[in-house]
Amino acid sequence: MSEQSIGTRCVQAGYTPGDGEPRQIPIVQSTTFKYATSEHMGQLFDLEAEGYFYTRLQNPTNDAVAAKIAALEGGSAAMLTSSGQAANFFALFNICEAGSHIVASSAIYGGTYNLIAHTMAKMGVESTFVSPTCTPEELASAFRPNTRAVFGETIANPALDVLDIERFAQAAHDHGVPLIVDNTFPTPVFCRPIEWGADIVTHSTTKYMDGHGVGVGGAIVDSGNFDWMAHAEKFPGLTTPDESYHGIVYAEKFGQAGAFITKATSQLMRDLGSIQSPQNAFYLNMGLESLHVRMPRHFENGLAVASYLSGSDKVTSVRFPHLEGDPYHELAQKYLPEGGSGVVSFELAGGRAAAEKFMAALRLAAIETHVADARTCCLHPASATHRQMNDEELVAAGISPAMVRFSCGLEDSADLIADIEQALAAI
Ligand SMILES: *Cc1c(COP(=O)(O)O)cnc(C)c1O
């Protein structure tokens, strides 16, 4: 499969029906699976045989769609989760525990920031946030003896900073820990972080992969490249016996290619139960079938809107990594040579009041917290997601009161620009 182009994999990977079997992935809408003997079922519970027994852990529909995402990212194994939040939590918690420490880029999704900085802190997992543009010395000094993972986003939501994946991977590997990259915005159509040294890739499939605003979901992909046994003392969960499965050692029994996902499935899904519903996995697969056709259009619209906005005297700044002059233009050329995402952020002259007037005047673009939908949507963080903050607090958090996040859909860019033009005129 991996020799096929990314587009062919979007359409075909993960599920190949045999003679007379359904052409489309069957939705296995069943909580449980029947066995002839207790002995056979016992083997499944001991992880001695492969098979399904309860959809809280695994389901055939999910596995087919996860296999497609693994093929797209060039990974060795993958799993679906109920949300992007669950994907990032499971990816981190699979190798972290009370007393561990995470190094994370500060340019990440707000939900992931809260997860790491607050919720995981309550579980005893410490963290250090570094600027994605920090010097090599600053990055190296963020590590501690108890660091277990490095985390970043390929294109940060909503900051749109581009992660220097090779540099962060090198720093992680120098300290004997994996790099986890959230690749939600570019999707594997535009960037495959594993090719640049990332060890684990996560997704909010809710965004472009689904692409139609249908189902919340997430995915975790393992590259199979990280040698857990070489750093056995750091990752006892993978390299020492799991007493809840009669003392199996994941890294030995399932090898480098399978240990991470098998552990996350058989321990974390078993105990925390955040699986994607098979119905949502089916919808997700429908989105994946056209991902390679949709992404270039989202990007093309983003570039057209960003270029238009940068020529307007009512706009004080525009952020879009592929725009000439963007601080991340060079990294975008390197990691995202064919495109990034359809998300543009910009600031309006006239501050908060101008942004509010602009948003209210839009006719085509809808006000939503969502991004990465087929229909253009936009958000004024200062009056929505960050409304509890005053202007001073917003600036301290790196968000201007005049900032608008604009997620270009699949419409014609001329219509999007006409909508923006009339909304700017209304300010
Ligand atoms: C939306 C998002 C998440 C969270 O995903 P949900 O599916 O909403 O739980 C995580 N990372 C990024 C980059 C996102 O955009």
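Quick note: numbers below take in every heavy atom, side chains included, and nothing from hydrogens, waters or symmetry partners. Both ligands and their constituent atoms are indexed starting at 1 by order of listing. A quick note: this is a predicted structure, and the numbers were derived from the prediction, not measured.
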Please determine if Ser204 has a nitrogen or oxygen closer than 3.5 Å to a nitrogen or oxygen of ligand 1. yes

For atom 6 (P) of ligand 1, what's the nearest protein heavy atom and its distance? Gly84 N, 3.3 Å

Nearest heavy atom to atom 14 (C) of ligand 1: which of His203, Lys207, Gln85, Glu153 does it belong to? Lys207

On a heavy-atom basis, which atom in Ala87 and which in Ala219 lie closest, and how many Å separate them? CB-O, 3.5 Å

Would you say Gly217 touches ligand 1, if touching means a heavy atom closer than 4.0 Å? yes

Closest heavy-atom approach to atom 10 (C) of ligand 1 among Asp182, Ile155, Thr184, Val343 is made by Asp182

On a heavy-atom basis, which atom in Ala354 and which in Leu348 lie closest, and how many Å separate them? O-CD1, 3.9 Å

Among Phe93, Phe90, Phe226, Trp228, exactly one meets ring-ring contact (aromatic ring centres under 6.0 Å, His included) together with Phe260. Which residue is that? Trp228

On a heavy-atom basis, the closest approach of Tyr250 and Ala259 is O-CB, 3.6 Å

Val216 N/O to ligand 1 N/O under 3.5 Å: no

State whether Tyr109 and Lys207 meet the cation-pi test: NZ (Lys) or CZ (Arg) under 6.0 Å from the six-membered ring centroid, and within 45° of the perpendicular axis. yes

If we number the atoms of ligand 1 from 1 as shown, the ones under 4.0 Å from a heavy atom of Asn157 are 14 (C), 15 (O)

Does a donor on one side chain sit under 3.5 Å from an acceptor on the other, for Glu411 and Thr376? yes

Atoms of ligand 1, numbered as shown, that sit under 4.0 Å from any heavy atom of Thr206: 6 (P), 7 (O)

